[in-house]
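Structure first, commentary second.
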Number of protein chains: 2
Amino acid sequence: MERLPKRQRHQQLSRLLDENPFLTDRELTRQLKVSIQTIRLDRLELAIPELRERLKLMAERSYDSVRSLPLHEVIGDIVDLQLDKSGISLFEISEEHVFSRTGIARGHHVFAQANSLAVAVINDEIALTASADIRFIRPARLGEKCFAKAYVRAGGEQKGKAKVEVFTYVGEEMVFQGNFVIYRSAGESKT
Amino acid sequence: MERLPKRQRHQQLSRLLDENPFLTDRELTRQLKVSIQTIRLDRLELAIPELRERLKLMAERSYDSVRSLPLHEVIGDIVDLQLDKSGISLFEISEEHVFSRTGIARGHHVFAQANSLAVAVINDEIALTASADIRFIRPARLGEKCFAKAYVRAGGEQKGKAKVEVFTYVGEEMVFQGNFVIYRSAGESKT
DNA sequence: TTTCTTTTTGGCATCAGGTATTAAAGGTTA
DNA sequence: TAACCTTTAATACCTGATGCCAAAAAGAAA
């Protein structure tokens, strides 16, 4: 009985499933010449989900990816803007922003609204996000209207760094809060 | 019972599955208020395959397209994924991601890549970003290929919260770094 | 060699999400 | 009334797994 050592079999197993993720455990036993129990222990150790889970993940990825890409311009409609002071934007969660199975908005869309607003509120030719400390307080759901309020807290008119605080609400409920540090260049100009 | 219900139900059934192909027959009974046998007869008549076949078809379609198409326009093409351990995604900065005047990527796109990856790497039915602490180390520019690496640092297999660290590079240079706290649901649960 | 440990195998119960078949109840319709 | 359509029900079976327990086999240590 010339079995391969465990390590090598694990490598082979990963390789085989990488090449063809549609293989059942039973098909794997044929290729690796070990019992089905061994295959299952191996998958457990390697944290490889069962066939059906793999298919489901693939299906979800393809389904969601079609619906999650459009992130073109500024996210949300800016309804009020006082440069270097504060701003408000509105953003409605629609199909393409949510996880298909739960109807919960992907975090980066909510972030994108806040980030866009934080950048927009800074009155400078070049404003870039340097860092942010953010909190998703409760999930935003399909159909909900998010309104974000941004307040410039420091670095109002000078160059260097500005601090912007953003709060996002759905109705009375806060769904997101973030502290942004925005880099600003020297030139003060409007477009 | 009126004469029409069947026709109408068939239309509704098609519509529901069109919107969300992940529905089981049992979930359909709740929405259509008929027995599971009726749902199955309906699927038979409409030649709609069972859930598992639908998932398999979707998976096959996406698998084929992943092999043929580069998938640039998605928020990162996941090229490696070890659930609950680590993951890698690639994202190329193109026109629609940058400030037109400067050619610098809007922060939320870089964030979106990292966030998508941090969520994808968590092996759970429902994984949502709870909070994040992020740093934009240097701007990413038009045409640059961002290479994000995620590592699950804590909360690997249990429910509750997981910590995921993400580093994004362009070549050797780090452009972004983020610490994400991902909320995860109670492992395998039925929908 | 014997003992201990790791690895592998086997068996059995159970699950989800179905298929396939047969039967029966209810209303419709000629 | 019989013939029919629609709906519900009951049952057996399928696949690709999981979980658990036990036992055999192989390797390493004393």
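Below, chains carry the letters A, B, ... as their sequence lines are ordered, and counting in each starts from 1.
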B:Phe136 and A:Phe180 aromatic centres sub-6.0 Å: no
Check every atom of C:dG18, D:dT8, D:dG16 against the side chain of B:Ser35 and return the nucleotide holding the closest atom. D:dT8
By salt bridge (Lys or Arg N to Asp or Glu O under 4.0 Å), B:Arg54 pairs with (sequence neighbours left out) none
With a non-hydrogen cut-off below 4.0 angstrom, is A:Arg40 in contact with a base, only sugar-phosphate, or nothing? base
Go through the steps to decide whether B:Thr168 and B:Gln113 satisfy the test side chain to side chain donor-acceptor pair (under 3.5 Å), and finish with yes or no. CA-CA 9 Å; B:Thr168 305; B:Gln113 178 191 15; 4.6 Å; no
Phosphate oxygens OP1/OP2 of C:dT9: is one of them under 4.0 Å from a side-chain N or O of A:Thr38? yes
Measure CD/B:Glu53 against P/C:dT19 and give the value in whole Å, please. 9 Å
Can you tell me the distance, in whole Å, between the NZ atom of B:Lys33 and the P atom of D:dT7? 17 Å
Sugar-phosphate, base or nothing in reach of A:Leu41, heavy atoms under 4.0 Å: base
Please state how far atom CG in A:Asp25 lies from atom P in C:dT8, giving the value in whole angstrom units. 15 Å
Round to the nearest Å and state the distance from A:Gln8 atom CD to C:dT8 atom C1'. 17 Å
Sugar-phosphate only, base, or nothing, as touched by A:Arg54 at under 4.0 Å among non-hydrogen atoms: nothing
Reckon B:Arg43 has a side-chain N or O less than 4.0 Å from the OP1 or OP2 of C:dT19? yes
The side chain of B:Gln37 is closest to which nucleotide in this list: D:dA9, C:dG17, D:dT15? D:dA9
Take atom CZ of B:Arg15 as the centre, draw a 6.0 Å sphere, and report whether it contains more than 12 heavy atoms from other residues, nucleotides or ligands. yes
Using whole Å, what does the distance between atom C1' of nucleotide D:dT15 and atom CG of A:Leu55 come to? 13 Å
What is the distance, to the nearest angstrom, from the CZ atom on A:Arg26 to the P atom on C:dG10? 12 Å
If you measure from CD1 on A:Ile122 to CG on A:Leu83, what distance do you get to the nearest 0.5 Å? 9.0 Å
Rounding to an integer number of Å, can you tell me how far B:Asp42 CG sits from C:dT19 C1'? 16 Å
Taken to the nearest whole Å, CZ/A:Arg7 to C1'/C:dT7 is 14 Å
Which comes earlier along DNA chain D counting from the 5' end, the contact point of A:Leu44 or that of B:Arg52, where each point is its nearest nucleotide? B:Arg52
